[in-house]
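Worksheet: one structure, shown below.
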2 protein chains.
Amino acid sequence: MNRGARTPTLEMVAAEAGVSRATVSRVVNGSTSVAPDIIAQVQAAVARLDYVPNRVARSLASRRADVIALIVPESASTVFADPFFAPVVRGVARVLGDTDYTLNLLIASESRPEKTRRYLQGGNVDGALVVSHHAEDHSYVGLGSALPMVFGGRPLIPGLTDRHHVDVDNVDSARRAVAHLLGLGRTRIGTIAGRQDMPAGLDRLVGWREAVAASGAGRASVDLVEFGDFTQDSGAEAAERMLAREPGLDALFVANDQMAAGAMRVLAAHGRRVPDDVAVIGFDDDTFAATLSPPLTTVRQPAMEFGEAMAEVLIALIAGEDVPRRTVIPTSLVRRGSA
Amino acid sequence: MNRGARTPTLEMVAAEAGVSRATVSRVVNGSTSVAPDIIAQVQAAVARLDYVPNRVARSLASRRADVIALIVPESASTVFADPFFAPVVRGVARVLGDTDYTLNLLIASESRPEKTRRYLQGGNVDGALVVSHHAEDHSYVGLGSALPMVFGGRPLIPGLTDRHHVDVDNVDSARRAVAHLLGLGRTRIGTIAGRQDMPAGLDRLVGWREAVAASGAGRASVDLVEFGDFTQDSGAEAAERMLAREPGLDALFVANDQMAAGAMRVLAAHGRRVPDDVAVIGFDDDTFAATLSPPLTTVRQPAMEFGEAMAEVLIALIAGEDVPRRTVIPTSLVRRGSA
DNA sequence: ATGAAAGCGCTAACAT
DNA sequence: ATGTTAGCGCTTTCAT
């Protein structure tokens, strides 16, 4: 490292301006109670020396970092490929842009979880946002309540279930999607459910099941479920199985758009017309949903608002405010051609 | 914030273990020169108190942060959508996984560049990686040599051109792509160039031009260039213009795969067969390149190795080693169906 | 409105 | 091998 030419300190600015360090600190941090001419003097000294405050020292003294981490699992390619992710980040960034907080995507090394934990607990951040945590991922339990945290989606992990989180009402959204299908006169309504180790997978299945059961359909209908893992291929495979089991299927609620796209491919391959023979509803309203043929009817969750809400809740939490454990972002059914 | 129940300090561990703070520090940092029984005592105390070192205090005292930042422009959605980005991050993460460094994607607020600058200069990080910087983006010039930095791609900005960077040899790669086209007997070889405010855009055009000129083709050929902005649509539009100008076109070198996909769409719409009528070569070897029809012949740049190299260069730089300013990652021409 | 002084929690000579 | 002693650069009471 280049020793020698060292960066100017607050003390040097104080000397240059002929005031105390405390005064420089006040000016730098925008305190009101400093005489105008002194402010000018200090600012001139700051400019002359090209002074930049040492944030680490400030953090140590003030016990604040002015940093918020958004924790991302190292299997980064998966997350970056998820069309839901980018807008969430943008939402967070937008909210933080108006504050003094800096946003920090922390890539969590999965092979060395203690590295991440130490970083989070070591005073580097004031709070953390957690997205796409799976049921197996217990890395955050240890953090206890040591650090303000907000989860994206209902935490599934024992010991974390009561933590603050932002979520969409997956159960109710699914219910409403099925209600729409019923309103269309459909009676054999199947579902392709997602991974059951994620809230989105679990809850959307529950909503479908509740709505189908409440419709007075027979026992058989409630068993019309095949599972996928949220990828397009898994959706295609699930649709194959579904069609083999229930050729008379007339509607399909799919737990996300990717799988819905796969399912529609298979439906077409089997000569089923959408929506005439089989009505299809997806979930997420991914960017490509409108470009499928027919355009996909789907449950839209506003990703950017989701990110904004997460950031707002976390900031309030850090400020010591009393925030409800659960913040629900409303979804809406986007009617397109497929149902 | 929850005042009161404060986190244990090194001093408390020292008291608990009945040794000095220095000894605790040694044990925590894995120093060799501590007696085995003392090590055990200290570790027991650490476990009992659930002690986690304060990294901020450590940073202040040691003048190291053990953090490396990867700076990402706030227009995050663009970057996350770029298929080149995820593997680069994975490469960086892979290298850092073997070290004590933590990786930190810093979302650079474009409206408040000083926030980013202060974070970087404030002691929070030991070094920074910069990807996808545009020519207008002068935010890093101010950093001068205050912080070890490695750029992905040749820095275009005056004052930054001599900084350390990792790059592919865009000029030579383009030259070789054109050579391949010439080897196929093509004589009317056009190019769709990318944004001219990015090295990839500039250099790939230069390579094409040099190769075409060297081939002894007439003046006219060297003018067979249309510009896009690296998006698929811009590639399609450029191809339209190209075809209008030069119906006799028999080959196309396109500065990236996205634009190549757009161009192939247009070529097909105009009844041109690829590669029979027009041979097409792209650049990047994006994931979708092999799934186009015909599969796209393209210049592959190994994104993960790119990331690995960036991380390795930065680590060496931080360690004070003498590293060449420029590290070149070799590319290869992937022959598929389009040329 | 300004300054003096006491830390924040840790590391790194230097001593022993 | 272990302890002692200064800081790292800043914030923050508490005086004045």
Side-chain angles (χ1 to χ4, degrees), chain A residues 1 3 6-43 45-46 49-67 100 118-119 121-124 126 146, chain B residues 1 3 6-43 45-46 49-67 100 118-119 121-124 126 146:
Chain A
M1 293 253 251
R3 317 224 131 281
R6 284 266 304 296
T7 172
T9 69
L10 187 150
E11 176 148 28
M12 294 165 62
V13 176
E16 175 84 12
V19 297
S20 75
R21 296 185 313 179
T23 298
V24 176
S25 177
R26 290 187 185 105
V27 172
V28 167
N29 293 301
S31 166
T32 45
S33 44
V34 180
D37 51 327
I38 300 261
I39 293 185
Q41 271 176 54
V42 172
Q43 284 174 340
V46 165
L49 300 182
D50 193 22
Y51 167 73
V52 176
N54 182 320
R55 293 177 39 111
V56 171
R58 180 206 299 240
S59 285
L60 182 59
S62 67
R63 303 160 148 294
R64 291 179 294 104
D66 284 343
V67 176
D100 282 330
R118 282 172 179 250
Y119 181 82
Q121 261 190 103
N124 287 299
D126 298 321
Chain B
M1 290 253 250
R3 318 224 130 280
R6 285 268 305 296
T7 172
T9 69
L10 188 150
E11 176 148 29
M12 294 165 63
V13 175
E16 175 84 11
V19 297
S20 75
R21 298 184 314 180
T23 298
V24 176
S25 177
R26 287 184 186 108
V27 172
V28 167
N29 292 300
S31 164
T32 46
S33 43
V34 180
D37 52 326
I38 299 259
I39 293 185
Q41 271 177 52
V42 172
Q43 283 173 340
V46 165
L49 300 182
D50 194 22
Y51 167 73
V52 176
N54 183 319
R55 292 176 39 110
V56 170
R58 182 205 297 242
S59 284
L60 183 58
S62 66
R63 305 162 145 293
R64 291 179 294 106
D66 284 342
V67 176
D100 283 329
R118 282 172 180 250
Y119 181 83
Q121 261 190 105
N124 287 299
D126 297 321

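Just so we're on the same page: letters track the sequence lines, and every chain starts at 1.
Closest approach of Gly123(A) to Ala65(A), counting heavy atoms only: O-CB, 3.7 Å. Nearest heavy atoms, Ala17(B) versus Val42(B): CB-CA, 4.1 Å.
In this structure, of dT2(C), dG9(D), dG3(C), it is dT2(C) that holds the atom nearest to the side chain of Val34(A). Checked against dC8(D), dG3(D), dC10(D), the side chain of Val19(B) finds its nearest nucleotide in dG3(D). When each of dT4(D), dG9(D), dC10(C) is scored by its nearest atom to the side-chain atoms of Ala61(A), the top-ranked nucleotide is dG9(D). Here dT2(C) is the nucleotide among dT2(C), dG9(C), dC10(C) with the atom lying nearest to any side-chain atom of Ala35(A). Side-chain proximity of Arg21(A) to dT2(D), dG9(C), dA5(C): nearest is dA5(C). Taking the side chain of Ser62(A) as heavy atoms from C-beta on, and the options dT11(C), dT12(D), dG3(C), the nearest nucleotide is dT12(D). Minimum atom distance to the side chain of Ser25(B) is reached by dT11(C), of the listed dC10(D), dT11(C), dG3(C). Comparing dC8(D), dC10(C), dT12(D) by their nearest atom to the side chain of Ala22(A) picks out dT12(D). Side-chain proximity of Leu60(A) to dC10(D), dC8(C), dT2(D): nearest is dC8(C).
Computed from coordinates, the Leu49(B) CG to dG9(C) P distance equals 14 Å when rounded to whole Å. Taking atom CZ of Arg55(A) as the reference point, atom C1' of dT11(D) lies 15 Å away to the nearest angstrom. To the nearest angstrom, P of dG3(C) lies 12 Å from CG of Leu10(A). Per the geometry, CZ belonging to Arg63(B) stands 11 Å off C1' belonging to dT11(C), to the nearest Å. Protein atom CZ of Arg26(B) is 8 Å distant from nucleotide atom C1' of dA1(D), rounded to whole Å. For the pair Asn124(B) CG and dC10(D) P, the interatomic distance rounds to 13 Å; values are reported in whole Å. Remark: P of dC8(D) and CG of Asn54(A) are 12 Å apart, rounded to the nearest angstrom. One interatomic measurement links the two molecules: CD of Gln121(A) to P of dG9(C), which rounds to 14 Å at whole-angstrom precision.
Taking only side-chain nitrogens and oxygens, Arg58(A) comes nearer than 4.0 Å to OP1 or OP2 of dT11(D). Within the 4.0 Å cut-off from OP1 or OP2 of dC8(D), not a single side-chain nitrogen or oxygen of Arg64(B) is found.
Side-chain N or O atoms of Asp66(A) include none that pairs as donor or acceptor with a backbone N or O of Asp100(A) at under 3.5 Å. Formation of a donor-acceptor pair under 3.5 Å by the Ser59(A) side chain with backbone atoms of Arg55(A) is found in this model.
Using a 4.0 Å heavy-atom cutoff across all strands shown, Ser33(A) reaches at least one base atom of the nucleic acid. The residue Val56(A) sits apart from the nucleic acid: no heavy atom pair falls under 4.0 Å.
Toward the 5' end of DNA chain D, the nearer of the two residues Asn29(A) and Thr23(B), judged by each one's closest nucleotide, is Thr23(B). Toward the 5' end of DNA chain D, the nearer of the two residues Gly18(B) and Ala57(B), judged by each one's closest nucleotide, is Gly18(B).
Annotation: the span from Tyr51(B) atom OH to Thr7(B) atom OG1 amounts to 8.0 Å, rounded to 0.5 Å.
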Steps toward side chain to side chain contact (heavy atoms under 4.5 Å, CB included) verdict (Val19(A), Val24(A)): CA-CA 7 Å; Val19(A) 297; Val24(A) 176; 3.7 Å; yes
